[in-house]
Amino acid sequence: MHSKLFLFQLFVVLLNDPVHAFTNETDRQALLAIKHQINSDPFHVFNSWNASSHFCKWQGVTCSRRHQRVTVLNLESLDLVGLLSPHIANLTFLRKIQLGDNFFRGIIPQEIGSLVRLRTFNLSGNSFQGELPSNLTHCSKLEIIHLLSNNLRGKVPAELGSLPELSWLILSENDFTGFVPPSLGNLSFLTNLSLAFNNLEGTIPVELGRLSNLDFLQLTGNKLSGEIPVSLYNTSSIIFFSVASNLLHGQLPADTGLTLPKLKRILVGSNQLSGPIPRSLVNASELTFIGLSNNAFTGPVPSNLGKLQNLQGLEIGGNPLSDDRNKEGDDLAFLRSLTNCTNLRVLRATKNGLKGVIPNSISNLSTKLTALRLDQNHLSGTIPPKINNLINLVLLALNDNMFHGSIPDSIGELIKLQRLDLSKNSFSGKIPTSIGNFTSLNTLILGDNKLQGEIPISLANCSRLQGLDLSLNNLTGPIPVQVIGLSSLSLAVYLASNHFTGSLPAQVGNLKTLGQLNVAENELSGEIPNTIGSCLMLEYLHMEGNRFQGTLPLSFEQLKNFQILDLSRNNLSGQIPQFLENLSYISYLNLSFNSFNGEVPNKGVFRNMSKFSILGNHELCGGIGALQLPPCPMVDSNRKRKHIATRGVVLIACGTVFFTVLLACVCAFFYLRRRPKQEPSSPLPMGIHYMELSYGELFKATDGFSSANLIGEGSFGAVYRGILDSDQEKSVAIKVFNLQERGANKSFLAECEALKNIRHRNLVKIISCCSSINFKGDDFKALVYEFMPNGSLESWLHPNSLELHESRKLNLLQRLNIAIDVGAALDYLHHHCHAPIIHCDLKPSNILLDNDLTAHVSDFGLARLLSSATTTTSSQSQTSSQVLRGTLGYVAPEYGMSREVSVQGDAFSYGIVLLELFTGKRPTDRIFTSNLNLHGFVNMALPNQVLQIVDPQLIQEEETESSGGIHRGGRGNNANLIQKCLVSMLGIGVICSAESPRDRMDIKDAVNKLHAIKNSLIGPGRG
């Protein structure tokens, strides 16, 4: 009976599709069902999945020769977007599922459990959610489960221990909780086990010691506690052993190297492990990396590590490794042994309490060494002059020790140095002129020593220098104009507590992006240069304890970002400028012990006694009552007579104005009586939790809407910066609507409706609104927002020639953070509001940046509530169609054919913003003609030509190691990793900006992918 049915089905297939007569229709239909769930296919993989060829010839499909059944589905690294169809379970002959490094989302179908022949299950690098299918263990032949970097949660199923042939279990970088199942110890064939970067707790099961074939064990980045089971050290096949960043304690057994002879990398840093470092580690002769940092290991450091011929990295920092038994205090004896490690690249022995001198043999360390850190110890002696043999050093940190003597001139031969920190020692003599050879240097820290002489002019050759610290030395002479004018200086310049003389060079104005300048406690004189007003990013300025004279430069008014300004103990004179009242972010202002005179301002910072000091200025008057200063004197009699005469003129003028205004009011009264009656203005749509402001208050806050306070103009009005007295004089941005413009009133109402119930850190914060009448009797509408001091993303990506801050640059990580911020805001609007909100006008000029460069989405004038957007009447749609056009280049193409808005429309705009963010090109750039747009421009370059299309500033910024702050160690990025991240980020932009709405990625998935890229770039949980 069954054979007859089969022959009948075969006859039907032959009749309808003779070309595919001998195929398995079930498999073909299953593959088509999988294709149907894919929303985006940027590499056009599925073009081959059609009736013109046998499905066994479709890209990514492999079939068995005999039965022509699908055995392998390999669609890895193709940037596919969509869901995984449950119909995959109909491919009953499947042995391998390889879908890694795509953008799949949703849950893993339970139906997978029916694939009894399945051996490889790889879904790594996607956005799958939910728990592992409970019936996955029915796939009893599984050998590989690879689910790295998804959003899976729940407990690691204990049932996985029942898979007899499993050899790979990779579940890292998810959100699994609970304990590591002891049943995993039953997997006798297991070679790779990674549960890293989850939220697992409890102890490491002793049963894992039974895994005699295990060679890769990674439990890093969890909350595991207790001791490392001794049984693990008997698993002699282990090559990679990482349990770093947990809460483990105990000791490493003395025979660690004997029991782990194949070990190549051991990473146990950031735990609570104690005891000595096992000397037996050298028996693991294949070791390439030893990571023991931040534990409680005790010294001495084994002196036999030189036997590890393949050692590339040794990180032992943060352990008390000084040998108290060594009376000679020679804790660096292990360095002599390391000279045999010819592949050594990284040596970090910081915060170890080490004593002794650096042996001359350090110059015999591997010439491949790029990072040498011996900082924050108790080392003494001098720097060996032959340290110049380490020709590939990029980072040298010997700070916080007790070194003395001069800095050897030979150090200048380390021409690849990017960071040199010799601070907090007792170095003397002159700064060697050879330091000018460091053309790649971005951070130089020589502070807190006993250095003498002048700053070498050759330092000006370090054209990439971002941070300079020469403070707390005995340096003399003038500050070289060539050095203080280095435009690359952007982090900090510390020259305090020396004996510098002369004036502060006017070239300091070249430091347009400098954040901190400290020249305190020197012998500088002359006037403060007016050019300092060009340092628009200055937050900390210390000039105290010098001999500066004259008045404060008027250009100080431009420096709005001050947090600390200390000009005390100088010879400054004149009145205290009132513009200092406008320093919104200042936490301390010190003008004490100068010769200021006249009235003390009483607003802004001058209202809080704890935030300013004016002691020692004996000719001041007025100010707030708490200062107890004498009142300012009355004007003299001559001035009084002039004042009376002036007052008479003013009274006459006022009388004239009064009668003019009275006549205007009479005319307005009769005009208004003739006007058709209108409904009174509706109450403030923003709700009672926002303060109400009048037109007069906003008029005063902006100096009468002065053009000097104009910070931007848009389709429906202008934006002004203002200071509200009622809000402790905090800066605000006031968006005034031009109600003469058609659609402006609706834009105001739309923005109010969109903003009244939403709260998110990446949305611009609404403070108030005003719906009133102006002094002319006309309607007036305005919205008051929190002021964003760093302006719009547009001004950073495309500064015009008139912008003073045009030299500001965004590095790769900053751009990635902005992309994540904007995506998070859209995800909130689309998925987490009481009703989904469509922004409809996302573009760089509507993305504002605060002090920390956190992005905030603004301008909801075109925003639509999705519930109302989809139920508008035809008349409403007709009216709104003009509004929904958005901005050319950023508006979704379907909006030109349809009036219906959607989250996919916002996704398109977001994709274009992403592409612009990383290429630096507007979608309306003149290179884009009707045959080419920004989307196509990027798509054609992916993946191999990405470096040719990205913003050139990014390449320049990422060529050198980011210092991360002048007193903090930096972290370099591998060029291949950066290129891979750029490909992925631009790939997301291409998918989001696909022409068809159904092919675009959901914002939530895009944000998840960007987070994963960030983790790969800087490490999970950092930044």
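Only this structure's heavy atoms are used, side chains among them; waters, hydrogens and symmetry mates stay out. None of these values were measured; they are calculated from a predicted model.
The structure places NZ of Lys512 at 9.5 Å from OG of Ser487, a figure rounded to the nearest 0.5 Å. Glu315 contributes atom CD, which lies 8.5 Å from atom CG of Leu267 (distance to the nearest 0.5 angstrom). A distance of 12.5 Å separates OG1 of Thr370 from CD1 of Ile391, quoted to the nearest 0.5 Å. Distance check, rounded to the nearest 0.5 Å: CG of Leu395 to CG of Leu369 gives 9.5 Å. To the nearest 0.5 angstrom, Leu444 atom CG is 7.5 Å from Ile431 atom CD1. To the nearest 0.5 Å, the span separating NE2 on His404 from CD1 on Ile383 amounts to 11.0 Å.
Checked by atom type and distance alone, the side chain of Asn474 never pairs as donor or acceptor with a backbone atom of Thr476 at under 3.5 Å. For the pair Asp821 (side chain) and Ala819 (backbone), a donor-acceptor distance under 3.5 Å is absent. Put simply, the side chain of Asn295 gets close to the backbone of Gln272: a donor and an acceptor are under 3.5 Å apart. A donor-acceptor contact shorter than 3.5 Å is absent between the side chain of Asn1015 and the backbone of Ile1013. The backbone N or O of Pro385 sits less than 3.5 Å from a side-chain atom of Ser410, completing a donor-acceptor pair. In this structure, the side chain of Asn510 does not engage the main chain of Val508 through any donor-acceptor pair within 3.5 Å. Using modelled atom types, one side-chain atom of Asn498 and one backbone atom of Asn473 make a donor-acceptor pair closer than 3.5 Å. Here the side chain of Lys560 pairs a donor or acceptor atom with the backbone of Glu557 at under 3.5 angstrom. Panel note: side chain Asn377, backbone Ala349; a donor-acceptor pair is recorded below 3.5 Å. Although no hydrogens or angles enter the test, the distance criterion places a donor-acceptor pair under 3.5 Å between the side chain of Asn425 and the main chain of Met402.
The two atoms that bring Leu374 and Asn401 nearest to each other are O-ND2, 3.1 Å, heavy atoms only. Residues Ser366 and Thr342 come closest through the heavy atom pair OG-O, 2.9 Å. Closest heavy-atom contact between Ser440 and Arg464: CA-CD, 4.3 Å. Contact record, Pro408 with Pro432: O-CG, 4.2 Å, taken as the closest heavy-atom pair. Nearest heavy-atom pair across Asn561 and Pro789 is OD1-CB, 3.9 Å. Scanning all heavy atoms of the two residues, the minimum distance from Ile457 to Val483 falls at O-CG2, 4.5 Å.
Within a 6.0 Å radius of NZ in Lys430, no more than 12 heavy atoms belonging to other residues, nucleotides or ligands are found. Summarising the local packing, CD1 of Ile564 is surrounded by more than 12 heavy atoms from other residues, nucleotides or ligands at distances under 6.0 Å.
Looking at heavy atoms from C-beta onward, Asp331 lies out of side-chain contact with Val301 at the 4.5 angstrom threshold. By the 4.5 Å heavy-atom criterion applied to side chains, Ile528 and Leu572 are counted as neighbours. Between Leu849 and Gln814 there is no side-chain heavy-atom pair separated by less than 4.5 Å. At a threshold of 4.5 Å between non-hydrogen side-chain atoms, the residues Phe548 and Leu504 count as touching. Looking at Asn790 and Met537, their side chains come closer than 4.5 Å, going by heavy atoms from C-beta outward. Residues Phe500 and Val519 fail the side-chain proximity criterion, which asks for heavy atoms closer than 4.5 Å. Side chains of Ile358 and Leu332 form a contact here, defined as non-hydrogen atoms less than 4.5 Å apart. Annotation: side chain of Leu580 is not in contact with side chain of Phe612 (no heavy-atom distance under 4.5 Å).
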Taking it one step at a time, do Ser613 and Tyr588 satisfy side-chain contact (heavy atoms from CB on, under 4.5 Å)?
CA-CA 8 Å; Ser613 175; Tyr588 190 63; 3.6 Å; yes
Would you check, one step at a time, whether the test side-chain contact (heavy atoms from CB on, under 4.5 Å) holds for Asp951 with Leu810?
CA-CA 10 Å; Asp951 191 334; Leu810 294 170; over 6 Å; no
Test side-chain contact (heavy atoms from CB on, under 4.5 Å) applied to Leu524 and Ile479, step by step
CA-CA 9 Å; Leu524 299 172; Ile479 299 174; 4.1 Å; yes
What do the steps show when you test Lys1014 against Asn817 for side-chain contact (heavy atoms from CB on, under 4.5 Å), and what is the final call?
CA-CA 8 Å; Lys1014 181 179 177 181; Asn817 283 333; 2.9 Å; yes
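Applying the side chain to side chain donor-acceptor pair (under 3.5 Å) criterion to Asp850, with sequence neighbours excluded, gives His856. Applying the side chain to side chain donor-acceptor pair (under 3.5 Å) criterion to Asn388, with sequence neighbours excluded, gives Glu413. In this structure Phe438 satisfies the ring-ring contact (aromatic ring centres under 6.0 Å, His included) test with no other residue, sequence neighbours excluded.
In this model, a donor atom of one side chain and an acceptor atom of the other lie less than 3.5 Å apart for Lys416 and Asn392. Looking at Thr220 and Ser242, their side chains do bring a donor and an acceptor atom within 3.5 Å of each other. For the residue pair Lys386 and Asn364, no side-chain donor N or O sits within less than 3.5 Å of a side-chain acceptor on the partner. With no hydrogens or angles considered, a side-chain donor-acceptor pair links Asn590 and Ser592 at under 3.5 Å.
Each of Leu567, Leu538, Leu583, Asn530 was checked for a side-chain contact (heavy atoms from CB on, under 4.5 Å) with Phe556, and the lone residue meeting it is Leu567.
A salt bridge does not link Arg569 to Glu544: none of the charged side-chain nitrogens sits closer than 4.0 Å to a carboxylate oxygen.
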